[in-house]
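Here's the structure we're looking at; comments come further down.
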Amino acid sequence: MGETINILVVDDEKGIREGCRRILASEGYSVDVGVNGKEGLELAKAKQYDLILVDLMMPVMGGIELMEELRRFDSEVIMIVVTGFATIETAVDAMRHGAYDYIPKPFTPDQLLVVVNRGLEKRRLSQQTLRLMEERDQKLLEVANEKSKLHTIVISIADGILVINREHQLVLWNPAAIKMLGLRGGLEAGSEINRIIPQKDLVGVIDKGFSPDSSQYTVISEEIILPPPDKKTIMVNVSRVRDEAGRDFGVVATLNDITTLKEINEIKSQFVTMVTHELRAPLSAIEGYLSAYLTGAAGSDPKMYQQMMERARQRAHSLLELINDLLQYSRLESKSVTRKKEHLDISEIIVNTVELFKVQGSAKDIRFELNIPDSFPLIEADRSEMEQLFTNLISNAIKYNVKNGRMIVDARPEGHFLHISVSDTGIGIDEESLPCVFDEFYRVCGPETRYVTGTGLGLSIVKKIVESHFGQIKVESELGKGTTFTVMLPIKQDKG
Amino acid sequence: MGKKTKILLVDNDVDFIDLNKAVLENNGFDVAVAYAGREVMDKVKFEQPDLIVLDLMMEKHDTGFAVAKALKADPIYKGIPILMLTAVLGETGMDFSQEFDGYWMKTDAFANKPLSPEELIKSINELFVKNKKG
């Protein structure tokens, strides 16, 4: 073993004590001696012994009592009884009290060594057993750790997981699955899935995973819609579980909540539908005017065709505007939009933009009024987007105005914000339409707007620009009186 | 020759109205127009049309159906044939037909938009022929 073997001899007879010490020391063992039970106990408490020789008959503390005490704190130590009354009874009594063996007095050195070595062999074996047991326990602990690691991973996965055995019983699941399916508590491993999963569609998809023609590499993927009130869309992937030998264990179903993706997709296709509609309407009008012109379907009055051609040209122009707006809109939508924000004097942009509309305004005899204070705080903004913003607002204020009307731009700082309002004295917007004016392609319909061309994107673009500059926009309107759009943009704060 | 046949064109698409009005007039019809579902009843009373060309999607997606239902429920006007124009096929994949939907939607004929003035005149004439037989 390489390690020192410690032996304790407890005997009141000095001859026996010393004899044993000499014999055992000559074998290379380290030997201590005690003269009675009490001293022996003290020694044994202070040091770990492999084997203890105990005399039965001792003063102060006898051998039986000593062995009882020793067992209390060391269950492994080998105890051998040395006795002068080597009867069956004393031997049995000693064994009952935990002795491994006994040796009758008097004994020869060889007899002592045979008994001691047998005891030590037993000690070695039992220690080995102990070590192996410890190792096994350690391994079990590791396995348990591995299991709990896997368990932790499974319960932490955001997708729902259901493992179902060949008997169609649920054997493993995670909280995400419970939450998605709204399964109530009391879920037990081994429950039949068609009994505990109320969503029949899901059970159907899982059953497909069991069908004989689904091969090892097939993953069955299907979307299911959970019944109300959830109405969630779940992507279910079912794959077979097989061991190395190819034996079937069952299936694993992963559930992925794709409701949000679905909604985004829905919005996208609605948008595409709207765009196609908006593109098709003016195009089919142009086609209609052109074919009427070519076939002469509208009669022989050249004035009529002159009007039709003028209208076709207007429609072509508005199509171009629409496409420009769409490009602008998608530029604002895209995440990679780079704004060149600089410190801007908005008053300059407003004055320049208003100047551009002078001709259009005078065609309807619209009076422009600008109320802009001399000293004007700077804002941090993208110049071209600001130009676009005021172009759209002012152009609306002229388009939906009446003859001899007014277009008023007011600008004033208020707190941390710059308030800029663009007002007209035009047709106004009815209460019902007002909340919708910023929606894509929303256009107020009425006799007054029938011949006004527009893309339905101008105000959507305005709103996007304002929001991307951390501002706000609001609209007030009265039918027949006019409309006011107020833009609030944060003023550049002086640092330090 | 007596009174001209009068058609009421109902659509919120001003181009559609203007173009088809010109073409129908050139083909000998009298034409009245309405730009929204809510204008139809008044126009029908005032103009007494012989046939109504009604667009389905105006204020709402089903305005045309609502107008048709109201007209067919009216004892005076229920005899006026209605040609319903729909543009839903391309957008929703939903197709309406007189055979399957006419009874429920209270129409007398369907036509899909976009359609040319010639196709419109053809549909109108077919509807007149059908109504004379029936």
Side-chain angles (χ1 to χ4, degrees), chain A residues 266 269-319 430 432-433 436 441-454, chain B residues 4 7 9-31 33-40 42-43 53 55-61 63-64 85-94 111-125:
Chain A
E266 180 65 22
S269 47
Q270 274 175 7
F271 190 79
V272 170
T273 306
M274 272 197 289
V275 171
T276 14
H277 184 261
E278 296 301 316
L279 289 172
R280 195 176 61 180
L283 258 182
S284 57
I286 292 168
E287 196 211 5
Y289 289 130
L290 289 177
S291 70
Y293 175 76
L294 290 173
T295 58
S300 54
D301 183 1
K303 249 189 179 163
M304 176 68 80
Y305 291 110
Q306 176 69 31
Q307 276 173 18
M308 284 187 175
M309 289 306 103
E310 177 52 35
R311 193 75 74 70
R313 199 191 59 81
Q314 277 176 21
R315 291 296 174 263
H317 179 74
S318 73
L319 261 181
D430 65 285
E432 206 179 313
S433 308
C436 310
F441 299 114
Y442 186 86
R443 295 200 64 215
V444 179
C445 293
E448 299 92 346
T449 61
R450 196 162 291 149
Y451 289 96
V452 178
T453 60
Chain B
K4 278 190 195 170
I7 311 281
L9 282 179
V10 188
D11 200 319
N12 58 350
D13 181 346
V14 58
D15 291 307
F16 182 88
I17 295 265
D18 287 0
L19 176 63
N20 288 292
K21 182 174 188 285
V23 175
L24 286 173
E25 279 171 353
N26 188 51
N27 279 269
F29 292 103
D30 218 352
V31 180
V33 300
Y35 296 98
R38 57 177 179 269
E39 297 172 15
V40 174
D42 286 346
K43 287 277 174 169
V53 175
D55 187 36
L56 173 57
M57 292 195 230
M58 289 183 287
E59 294 100 312
K60 287 180 185 162
H61 281 166
T63 297
L85 301 181
T86 67
V88 287
L89 180 63
E91 284 172 28
T92 61
M94 238 197 313
N112 258 320
K113 266 185 162 187
L115 83 171
S116 67
E118 302 90 79
E119 286 168 327
L120 180 65
I121 289 168
K122 191 165 160 266
S123 301
I124 288 171
N125 285 330

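Convention: sequence-line order gives letters A, B, ...; per-chain numbering from 1.
Heavy-atom neighbours of Gln306(A) CD from other residues, nucleotides or ligands within 6.0 Å: at or below the threshold of 12.
Neither the backbone nor the side chain of Asn20(B) comes within contact range of chain A; no heavy atoms are under 4.5 Å apart.
Residues of residues 286-295 of chain A having a heavy atom under 4.5 Å from any heavy atom of chain B, listed by number: Gly288(A), Tyr289(A), Ala292(A).
Rounding to the nearest 0.5 Å places CG of Asp18(B) at 9.0 Å from CE of Met304(A). Here Asp15(B) contributes atom CG and Arg311(A) contributes atom CZ; the two are 5.0 Å apart, rounded to the nearest 0.5 Å.
Between the side chain of Asn26(B) and the backbone N or O of Ala297(A), at least one donor-acceptor pair lies under 3.5 Å.
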